[in-house]
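Worksheet: the structure to be examined is printed underneath.
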2 protein chains.
Amino acid sequence: MLNAIAADEIATHEINAHEAYNQSQDQRLPRTSPMQAESSFKVACSNCNLRELCLPIGLSTDEMSKLDGMVATRKKVKQGGHLFSSGDPFTTLYAIRTGFFKTCVVSEDGREQVTGFQMAGEIMGLDGIVSDKHNCNAIALEDAEVCVMPFNHVEDLSREIPMLQRHVHKIMSREIVRENGVMMLLANMRAEERLAAFLLNLLQRLHARGYSKSELILRMTREEIGSYLGMKLETVSRTFSKFSDEGIIEVKQKNIRILDHEKLQAIFNASTC
Amino acid sequence: MLNAIAADEIATHEINAHEAYNQSQDQRLPRTSPMQAESSFKVACSNCNLRELCLPIGLSTDEMSKLDGMVATRKKVKQGGHLFSSGDPFTTLYAIRTGFFKTCVVSEDGREQVTGFQMAGEIMGLDGIVSDKHNCNAIALEDAEVCVMPFNHVEDLSREIPMLQRHVHKIMSREIVRENGVMMLLANMRAEERLAAFLLNLLQRLHARGYSKSELILRMTREEIGSYLGMKLETVSRTFSKFSDEGIIEVKQKNIRILDHEKLQAIFNASTC
DNA sequence: CGGACTATTTGATATGCATCAAGAAGTCAT
DNA sequence: ATGACTTCTTGATGCATATCAAATAGTCCG
């Protein structure tokens, strides 16, 4: 049933991330860590507290040390900055360490279609593999840092470490399944259902990273939400207001508090029953 | 610009297929070949006249003979039959040899969202990798035959043959990019633009397989088209009629003849300018 | 061939969301 | 803090497509 699809596939971006993060909630995102001079520290996946999100689990220490060669370097991107742009030559994948991104395609006249929002532990750049150049823009919605993983390193290591090979395949498959879910959302759901699905998806992904299930800060504008969900910003705003009137959520600008998770879920489920 | 995206990515499903097929148009699809007892012949990619669609180009004969182990067997699917269903354990990918498929997700009450249409040379089953079970149904829209490629064979061979590894990555990336295009179509375009995009996409893929650029037979119903394009079957029908009235196409049931390719392209471009 | 079914077309009407518009709230830079 | 800018909210109206309905065409099978 659609519900199952949505709960598992639309909404779930990460496997095992949940468990991993329940263990160490208070050291979760070192966004405000005093150590800012990362370049002087060794860039090592083996010490990274996001490795449960990015990497396969159960690697031997030997394999793990090989993997440390995968990330060539790190890169910071300021809010509003482009990590890569459509047409850029594709050479590397990126894993988000901190921050929040959107990926989008922009037409000549400036209209944009947001194709996804990405957060810590998620991989960007997969769209570039097919034609050796990027197919979309990746723009930071807040100051961010990413791990730069040259794609031929990834491929070389994948041939040596079958578990990594499988992991890469799963990441790509997951993106395919996610987009399947978005297609369904765009083709079949009404505005309220879309927004409910969107919020539930964000909540779940954030929860897997140790954040609250009942509160979130939107990093994107109403217009960007609308673009992603195939509706106009006014409709996004109205729908937020409607949810607010009905006591389902509390909206204070970009701060959203979930007052009635069940009802939100019910609105989303409505589309499937 | 959107046009470029659409022309290259929404519309293009295959690379190099075009060139390959211009060379040997008359032996293209052996659908009506007298040799029906395939099981008695060796299943070998190296002799397959679809290999330019499925496989990387430029392999050595040594690599090519290794590859012959990739396809374990072939499988026939009758019109209306399921190649696989949502929830089935995932073990293999499938390459279409002959016939035409749709992939879709179905909700409990029977409503379906078509997520794609697949034809000869295209790969199905990628959605199953992430969770080791299939995430959608693959249903034959006409009698079909597929090559069964156990996924662990594919992974084993990928580690030995870097060009195959890259090829597998490209196929998955292409699917991601295709779905990006569909998202844009669903979120931004109006009915006429969607149908124009759909027809142009089919025409291009068929042309790459040696078929006419100005004629096609729809293997799917209006309802299936509508599901894919996020519109109701009545709207699909009306839009066909409109195109017909305007002299852009000629519609005889499932037979479509393109009378004014330029105009069709212009309708599609309209969405991007 | 004939009957039952499915698929398609076309018309009339309803509706959800887009569009247009204007003001309010929030943010940023000086 | 002040003004300029962006983002957001809310209202009024219009339109594209959905919905409901019925007739026609095509297909399948005994």
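Chain letters run A, B, ... following the sequence lines, proteins first and then strands; every chain starts at 1.
When the nearest nucleotides of DNA chain D are assigned to A/Glu234 and B/Gln79 by heavy-atom distance, the more 5′-ward of the two goes with A/Glu234. The residue among A/Gln253 and A/Arg238 whose nearest nucleotide of DNA chain D lies closer to the 5′ end is A/Gln253.
In this entry the distance linking CG of B/Leu141 with P of C/dT6 reads 18 Å, nearest Å. Here C/dT15 presents its P atom at 22 Å from CE of B/Met231, a figure rounded to the nearest Å. Rounded to a whole Å, the CD atom of B/Glu192 is 8 Å from the P atom of D/dT17. Note: CG (B/Asn255) to P (C/dT8) measures 12 Å, nearest angstrom. Here the P atom of nucleotide C/dT10 and the CZ atom of B/Phe240 are 13 Å apart, to the nearest Å. When the C1' atom of D/dT10 is taken as reference, atom NZ of A/Lys242 falls 16 Å away, rounded to whole Å. The interatomic distance linking B/Arg222 (CZ) with C/dT10 (C1') rounds to 13 Å, in whole Å. B/Arg190 places its CZ atom 13 Å from the C1' atom of C/dT19, with the value rounded to the nearest Å.
Distances shown here put a side-chain N or O of B/Lys254 below 4.0 Å from the OP1 or OP2 atom of C/dT8. Residue A/Thr235 places at least one side-chain N or O under 4.0 Å from the OP1 or OP2 atom of C/dA18.
A/Lys252 comes within 4.0 angstrom of nothing in the nucleic acid, heavy atoms only. Nucleic acid contact for A/Ser237: base, since at least one base atom lies under 4.0 Å from a heavy atom of the residue. Residue contacts for A/Gly226: at a heavy-atom cut-off of 4.0 Å it reaches no nucleic acid atom on any strand shown.
Listed nucleotides D/dT19, C/dC17, D/dC8 differ in distance to B/Lys232; the shortest reach to its side chain belongs to D/dT19. Taking only side-chain atoms of B/Ser241, from C-beta outward, the nucleotide of D/dT17, C/dT10, D/dT9 with the closest atom is C/dT10.
Minimum heavy-atom separation, B/Arg205 to B/Asn201: NH1-OD1, 2.8 Å. Considering all non-hydrogen atoms of both residues, B/Lys133 and B/Gly87 come closest at CB-O, 3.7 Å. Counting all heavy atoms, side chain and backbone alike, A/Gly99 lies closest to A/Ala144 at CA-CB, 3.8 Å. Of all the heavy atoms in B/Ala196 and B/Ile267, the pair that sits closest is CB-CG2, 3.9 Å.
Residues A/Lys242 and A/Glu192 are paired through a salt bridge, judged by an N-O separation under 4.0 Å between the basic side chain and the carboxylate.
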